[in-house]
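Structure provided below as structure tokens; questions to follow.
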Amino acid sequence: MDASGLSWARALREFEQYLQIERNAAANSREAYLRDITRYADWAADVAGIPAPEQISLTHLRDFLTWLAAYCCLGERSLARTVSSLRAFHGFLVADNLLNTDPAERLDVPAFARKLPAVLAIPEIEAMLQAAAADDLTGARDRAIVETLYGAGLRVSELTGLDWSRVYLAEGFLRILGKGSKERLTPLGDAALEALRHYRELSKARIPAVRGHEDAVFVNQRGTRLSRISVFNRVKALALQAGISRSVSPHTFRHSFATHLIEGGADLRAVQEMLGHESITTTEIYLHLDREYLREIHTLFHPRK
């Protein structure tokens with residue numbers, strides 16, 4: 001057997017066929033497995049620089065789970081599902097003689113608790129916007145990405161999946177296709193709307209439409225839809241340019257969006273609706289309000305202060 005020719009793309013194709021034909025997995029199960037493994041393959045190739053599955057070790061798998069918790073903010077349940085997907089994927093590769101060893105054989109759900117990204121201060125967000133030189137196309141795109149992430153509290157998958165037909169610039173709303181294919185309308189402020197208009201004008205003039213990507217909002221220089229990893233890398237680069245030394249990911253803007261709204265007096269259920277959370281409990285856990293702020297609210301509004 002020669003595993004040296006096994007690329008990530010081929011491994012994904014073989015795994016998808018296995019799920020569909022041999023395991024006869026339900027459509028939802030197949031999608032969940034493939035979503036987990038596609039994210040894993042993207043991380044391995046683009047973040048960790050691992051070009052092929054045969055080079056993966058148990059340490060790499062643990063690094064990937066740490067990355068998921070730190071930058072994608074996955075909880076223990078989602079991490080446990082990812083571990084199950086990794087075991088199934090690598091177990092299949094070995095069983096089908098595509099790889100010799102199974103690095104996921106001794107992989108366990110990590111013991112660390114869920115990590116939420118730190119909230120960005122408004123001056124830090126302004127510094128990242130300044131780091132995007134809006135005079136050129138790439139800068140205009142990056143500025144629109146930051147404005148939209150922060151202005152609407154989007155998940156990175158919602159940002160990359162956004163189409164122009166779902167952007168209502170005149171009305172100031174986005175129609176977002178969220179988790180479970182559930183739609184929601186999310187308002188967008190003037191600064192984000194202006195950034196999107198500016199980016200759209202530049203992109204229409206300089207990027208030719210690519211078949212299948214004509215309606216995509218955020219595209220690369222080839223005219224194809226941006227990947228989640230690309231957005232992650234651009235956000236990280238802008239943070240470094242802005243002089244922010246701590247970790248910043250696309251999800252940091254979602255967390256900052258919610259926290260700043262609550263601190264400004266927004267109703268929790270309104271924030272829940274904008275974030276697309278099914279349960280108010282999720283929103284309560286997600287929000288990171290410091291004790292000093294809560295103390296100030298209590299002092300201001302409680303009748304027996």
TODO: Flag the pair Leu6 / Leu93 as yes when at least one side-chain heavy-atom distance between them is below 4.5 Å, and no otherwise.
DONE: yes
Task: Side-chain touch Arg39/Leu68, heavy atoms, less than 4.5 angstrom - done: yes
Task: Audit row: Leu12, Glu16, side chain to side chain contact (heavy atoms under 4.5 Å, CB included) steps and yes/no - done: CA-CA 6 Å; Leu12 284 168; Glu16 182 175 12; over 6 Å; no
TODO: Give a yes or no on whether the backbone of Leu129 and the side-chain of Arg143 come within a donor-acceptor separation of less than 3.5 Å.
DONE: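 Between the backbone of Leu129 and the side chain of Arg143 there is a qualifying donor-acceptor contact (under 3.5 Å).
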Open item on the list: On a heavy-atom basis, which atom in Leu202 and which in Asp136 lie closest, and how many Å separate them?
Closed with: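 The pair with the smallest heavy-atom distance is CD1-O, 4.0 Å.
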- [ ] Identify the heavy atoms of Pro53 and Ser7 that sit nearest to each other, and give their distance.
- [x]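 The pair with the smallest heavy-atom distance is CD-C, 3.9 Å.
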Open item on the list: For Arg200, is there any backbone N or O sitting under 3.5 Å from a side-chain donor or acceptor partner on Ser203?
Closed with: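 Yes.
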Task: Nearest non-hydrogen partners of Arg246 and Val119, listed with the distance - done: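 For Arg246 and Val119, the tightest heavy-atom pair comes out as NH2-O, 3.3 Å.
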Task: Residue pair Val94, Asn100: steps toward the side chain to side chain contact (heavy atoms under 4.5 Å, CB included) verdict - done: CA-CA 6 Å; Val94 171; Asn100 292 311; over 6 Å; no
Open item on the list: Does Val219 form a side chain to side chain contact (heavy atoms under 4.5 Å, CB included) with Thr224? I'd like the steps, not just the answer.
Closed with: CA-CA 5 Å; Val219 297; Thr224 59; 6.0 Å; no
TODO: Mind listing the closest non-hydrogen atom pair of Met128 and Ala239 along with its distance?
DONE: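 Heavy-atom minimum between the residues: CE-N, 3.7 Å.
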- [ ] Indicate yes or no: at least one non-hydrogen side-chain atom of Asp142 is less than 4.5 angstrom from one of Ile145.
- [x]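 With C-beta onward as the side chain, the pair touches.
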TODO: Evaluate the side-chain proximity of Thr138 to Gln221: yes if any heavy-atom separation is below 4.5 Å, no if none is.
DONE: yes
Task: Between CG on residue Leu154 and CZ on residue Phe253, distance to nearest 0.5 Å - done: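 Rounded to the nearest 0.5 Å, the CG-CZ separation comes to 12.0 Å.
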Open item on the list: Any side-chain to backbone donor/acceptor pair from Ser29 onto Ala25? Under 3.5 Å, distance only.
Closed with: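 Not at all, since once roles are kept as given, no pair shorter than 3.5 Å links the two residues.
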Task: Spatial distance of atom CD (Glu194) from atom CG (Leu188) [nearest 0.5 Å] - done: 11.5 Å
TODO: Could you tell me whether the side chain of Arg141 reaches within less than 4.5 Å of the side chain of Leu226, counting heavy atoms only?
DONE: yes
Task: Salt bridge flag under 4.0 Å for residues Arg87 and Asp108 - done: yes
TODO: Quick one: do Asp42 and Thr38 satisfy side chain to side chain contact (heavy atoms under 4.5 Å, CB included)? Show the steps, please.
DONE: CA-CA 6 Å; Asp42 287 343; Thr38 298; 3.9 Å; yes
Task: Qualifying ring-ring contact (aromatic ring centres under 6.0 Å, His included) pairs with a residue from residues 162-190, counting only residues at least two apart or across chains - done: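 Counting only pairs at least two positions apart or across chains, no ring-ring contact (aromatic ring centres under 6.0 Å, His included) contact touches residues 162-190.
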- [ ] For Arg81, enumerate each residue passing the salt bridge (Lys or Arg N to Asp or Glu O under 4.0 Å) test, keeping only those at least two apart in sequence or located in another chain.
- [x]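 If we apply the salt bridge (Lys or Arg N to Asp or Glu O under 4.0 Å) test to Arg81, skipping adjacent residues, the hits are Asp36.
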TODO: Please answer whether the main-chain N or O of Leu120 pairs with a side-chain N or O of His260 as donor and acceptor at a distance below 3.5 Å.
DONE: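 Yes; at least one donor-acceptor contact below 3.5 Å.
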Open item on the list: Please tell me whether Leu185 and Leu193 are part of a single hydrophobic cluster in this structure, the criterion being side-chain heavy atoms less than 4.5 Å apart.
Closed with: no
Task: Validation row, ring centre Tyr18 to ring centre Phe92 under 6.0 Å - done: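 Yes, the ring centres sit under 6.0 Å apart.
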Task: Shortest non-hydrogen contact from Arg211 toward Glu214 - done: CA-OE2, 3.2 Å
TODO: Could you tell me whether Arg269 and Glu273 have a side-chain N and a carboxylate O separated by less than 4.0 Å?
DONE: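 Answer for the salt bridge query: no.
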Open item on the list: Tell me if a side-chain donor or acceptor on Trp43 pairs with a main-chain N or O of Asp63 at a distance below 3.5 Å.
Closed with: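 No.
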Open item on the list: If you compare all heavy atoms of Ser165 against all heavy atoms of Asp215, which two are closest, and at what distance to 0.1 Å?
Closed with: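 Result for this residue pair: OG-OD2, 2.6 Å.
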Task: No-hydrogen, no-angle side-chain donor-acceptor test under 3.5 Å, His60 and Ser57 - done: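 Judged by distance alone, the side chains do pair up.
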TODO: Verify, without hydrogens or angle tests, whether Arg197 (side chain) and Leu169 (backbone) share a donor-acceptor contact under 3.5 angstrom.
DONE: yes
Open item on the list: Using 30° and 60° as the class boundaries, would you call the ring planes of His90 and Tyr40 parallel, tilted or perpendicular?
Closed with: perpendicular
Open item on the list: Keeping Thr252 on the side-chain end and Ser249 on the backbone end, is there a donor-acceptor pair under 3.5 Å?
Closed with: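 Yes, Thr252 side chain to Ser249 backbone: donor-acceptor pair under 3.5 Å.
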Open item on the list: So, taking the atom named CG in Leu58 and the one named CG in Asp102, what distance separates them when rounded to the nearest 0.5 Å?
Closed with: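 Going from the CG atom of Leu58 to the CG atom of Asp102 covers 10.0 Å.
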Open item on the list: ring pair (Phe, Tyr, Trp, His ring centres under 6.0 Å), that's the test. Do Trp67 and Phe232 meet it? Break it down for me.
Closed with: CA-CA 12 Å; Trp67 181 82; Phe232 169 81; 5.7 Å; yes
Open item on the list: So, taking the atom named CZ in Arg30 and the one named CZ in Arg23, what distance separates them when rounded to the nearest 0.5 Å?
Closed with: 11.5 Å
Task: Pair Tyr33 + Phe89: ring centers closer than 6.0 Å - done: no
Open item on the list: Can you pull out every salt bridge (Lys or Arg N to Asp or Glu O under 4.0 Å) where at least one residue sits in residues 146-172? Sequence neighbours excluded, please.
Closed with: Arg155-Glu158, Glu158-Arg184, Asp163-Arg225, Arg166-Glu183
- [ ] Establish whether Leu240 and Ile229 are linked, either directly or via other cluster members, by ILVMFWY side-chain heavy-atom contacts under 4.5 Å.
- [x] no
TODO: For the pair Thr160 (side chain) and Val156 (backbone), establish whether a donor and an acceptor sit closer than 3.5 Å, ignoring hydrogens and angles.
DONE: yes
Task: Distance, nearest 0.5 Å, that separates CG of Leu34 from CG of Leu19 - done: 5.5 Å
Open item on the list: I'd like to know if Leu159 and Leu177 are part of one continuous hydrophobic network [Ile/Leu/Val/Met/Phe/Trp/Tyr, side-chain heavy atoms within less than 4.5 Å].
Closed with: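 Different hydrophobic clusters.
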- [ ] Answer yes or no: is there a side-chain heavy-atom contact under 4.5 Å between Tyr199 and Thr148?
- [x] no
- [ ] Ignoring hydrogens and angles, tell me if any N or O in the side chain of Arg254 forms a donor-acceptor pair with the backbone of Leu275 under 3.5 Å.
- [x]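 The answer is yes, because a donor-acceptor pair under 3.5 Å joins these two groups.
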- [ ] Indicate whether the side chain of Ser230 and that of Ser227 have a donor and an acceptor atom separated by less than 3.5 Å.
- [x] yes
Open item on the list: Quick one, Ile37 and Leu86 - any side-chain contact, counting heavy atoms below 4.5 Å?
Closed with: yes
Open item on the list: If you count heavy atoms of other groups shown closer than 6.0 angstrom to CD of Glu105, is the number above 12?
Closed with: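 No - once you tally the heavy atoms of other residues, nucleotides and ligands closer than 6.0 Å, there are 12 at most.
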Open item on the list: Quick one: does any side-chain atom of Asp96 pair with a main-chain N or O of Leu98 as donor and acceptor, under 3.5 Å?
Closed with: no
Task: Distance, nearest 0.5 Å, that separates CG of Asp267 from CD1 of Ile262 - done: 7.5 Å
